[in-house]
Amino acid sequence: MPELPEIEVLRRSLAPRLLGRTIVDVTVANTALREPVDEPNLRSAVRGRRVTGLGRRAKYLLIDLEGDSSLVVHLGMSGRLTLAAADEPIEKHEHVSFLLDEGDRLRFRDPRRFGLVLALATEGLLEDRHFGGLGPEPLVGGLTGEVLARAASGRRGPVKNFLMDGRVVVGIGNIYACEALYRAGVHPTRSVARIARARWDLLAREACATLEEAIAEGGTTLNDFADGEGNSGYFQVSLAVYDREGEACRRCGKALRRIVQSGRSTFYCAGCQR
DNA sequence: CGGGCGGCCTGGAGGC
DNA sequence: TGCCTCCAGGCCGCCC
């Protein structure tokens, strides 16, 4: 579910409640996530360690611990990472649970098991294979028309797939790609070879604005997403095209359309996007 | 090499 | 009510 805004909302909601806390132990109920959970490695990395920082790279949440270990959590499509009282009953699909000091725990629940929980060394973390090929970060100035135009040169294919390619820029998934293209007036099937430089500037600006507005609204909750306190987001009511097939475009009134690109649904307005 | 697609999973929605 | 099919926000690996 979660794209960059949702992970950023999660990070911000967890930070005040996790910083300085000590992880007492970890329980692994099911190791079969996107990659098998290495329970011994996880335990030795986290046990007795204090949380010193919460970061994010692309859609990965990074929980830094003292002693050069970092927890890496990815929510996949259906993951949740929430704080609960230690004695609250284990939920279905709660695969990994971190017992904290002061009587609560951080639990990872993920019905579809596309998510990821692992421990890596903090030193050189971002050079790990999970992050090595990733493009720039949008929230710190990494998403500009310059970046997009440069990445597009010599490439072909539809601009929507291009926006979702983590080697170009990270954090944009199916929802925010649709929304950014709508706001910039770009048709999702348009080839990246046929987009003018000024349009890349506009697209970059609109993509950044969409991500930032979504964060301000607590993310998009269509089905599963919740922040670290279990709160849903509100940005779904602001979505202009995503999941609105057949509804009227708020700008021109035409019925919004749905097509399939690379096996994923794309929503757009044929009147506003060229 | 880059782009496209299937596969990984479960659950919810909708059709009959 | 139940059964069946389809679909879902990410990512990887295989294929052309």
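Just so it is clear: chains get the letters A, B, ... in the order the sequence lines come, proteins before strands, and each one is counted from 1.
In terms of the side chain to side chain donor-acceptor pair (under 3.5 Å) criterion, residue partners of A:Arg183 (sequence neighbours excluded) are, by chain and number, A:Glu206, A:Thr210, A:Glu213. Under the rule for a side chain to side chain donor-acceptor pair (under 3.5 Å), the partners of A:Glu94 that lie at least two apart in sequence or sit in another chain are A:Arg105, A:Arg107. A:Arg56 pairs by the side-chain contact (heavy atoms from CB on, under 4.5 Å) definition with A:Leu4, A:Ile7, A:Glu8, A:Arg11, A:Glu137, A:Leu139, not counting sequence neighbours. Every residue was checked against the ring-ring contact (aromatic ring centres under 6.0 Å, His included) condition with A:Tyr182, not counting sequence neighbours, and none meets it. Residues passing the side-chain contact (heavy atoms from CB on, under 4.5 Å) test with A:Phe162, sequence neighbours excluded: A:Leu148, A:Ala151, A:Ala152, A:Arg155, A:Val168, A:Val192, A:Trp200.
Membership of the apolar cluster around A:Leu126 extends to A:Tyr60, A:Leu62, A:Val72, A:Leu116, A:Leu118, A:Leu120, A:Leu125, A:Phe131, A:Leu134, A:Val170, as traced through chained side-chain contacts below 4.5 Å between ILVMFWY residues.
In the hydrophobic cluster analysis, where Ile, Leu, Val, Met, Phe, Trp and Tyr join through side-chain heavy atoms closer than 4.5 angstrom, A:Phe267 is grouped together with A:Leu222. In this structure, A:Tyr234 is not a member of the same hydrophobic cluster as A:Val9, with clusters built from ILVMFWY side-chain heavy atoms closer than 4.5 Å. Residues A:Leu83 and A:Ile90 are members of separate hydrophobic clusters, defined by side-chain heavy-atom contacts under 4.5 angstrom among Ile, Leu, Val, Met, Phe, Trp and Tyr.
Listed by first residue number, the stems of DNA chain C with at least three Watson-Crick or G-U pairs below 3.5 Å are B:2-8 with C:10-16, B:10-16 with C:2-8.
Spacing of P atoms, B:dC9 relative to C:dC14, comes out at 16 Å, to the nearest Å. With both ends at atom C1', the span from C:dC6 to B:dG6 equals 16 Å, rounded to whole Å.
Computed from coordinates, the A:Leu222 CG to C:dG10 P distance equals 11 Å when rounded to whole Å. One can place CE of A:Met164 at 9 Å from P of C:dC11, the figure rounded to the nearest angstrom.
Looking at every heavy atom in both residues, A:Arg112 comes nearest to A:Ser78 through N-OG, 3.0 Å.
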Just do the side chain to side chain contact (heavy atoms under 4.5 Å, CB included) check on A:Leu106 and A:Ile63 with the steps written out, would you? CA-CA 12 Å; A:Leu106 183 65; A:Ile63 304 175; 4.2 Å; yes

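Each of A:Leu65, A:Leu100, A:Leu14 was checked for a side-chain contact (heavy atoms from CB on, under 4.5 Å) with A:Val51, and the lone residue meeting it is A:Leu65. Of the candidates A:Leu61, A:Val96, A:Val26, A:Val46, A:Val46 is the only one forming a side-chain contact (heavy atoms from CB on, under 4.5 Å) with A:Leu71.
Near-neighbour residues of DNA chain B inside residues 129-163 of chain A, defined by a heavy atom below 4.0 Å, number-ordered: A:Arg155, A:Arg156, A:Pro158, A:Asn161. Looking at residues 105-121 of chain A, you'll see A:Pro111, A:Arg112, A:Arg113, A:Phe114 sit with a heavy atom under 4.0 Å from some atom of DNA chain B. DNA chain B lies under 4.0 Å from no heavy atom of any residue of residues 32-42 of chain A.
Heavy-atom contacts from other residues, nucleotides or ligands closer than 6.0 Å to CZ of A:Arg251 number 12 or fewer. Around the CZ atom of A:Arg156, the shell of radius 6.0 Å holds no more than 12 heavy atoms that belong to other residues, nucleotides or ligands.
The stretch residues 228-239 of chain A participates, sequence neighbours left out, in these salt bridge (Lys or Arg N to Asp or Glu O under 4.0 Å) pairs: A:Arg17-A:Glu229.
Among the atoms of the strands shown, none is found under 4.0 Å from any heavy atom of A:Tyr176.
For DNA chain B, the outermost nucleotides in 5' to 3' order that have an atom under 4.0 Å from a heavy atom of chain A are B:dG3 to B:dG11.
Close to C:dC11, at under 4.0 Å from its OP1 or OP2, lies a side-chain N or O of A:His74.
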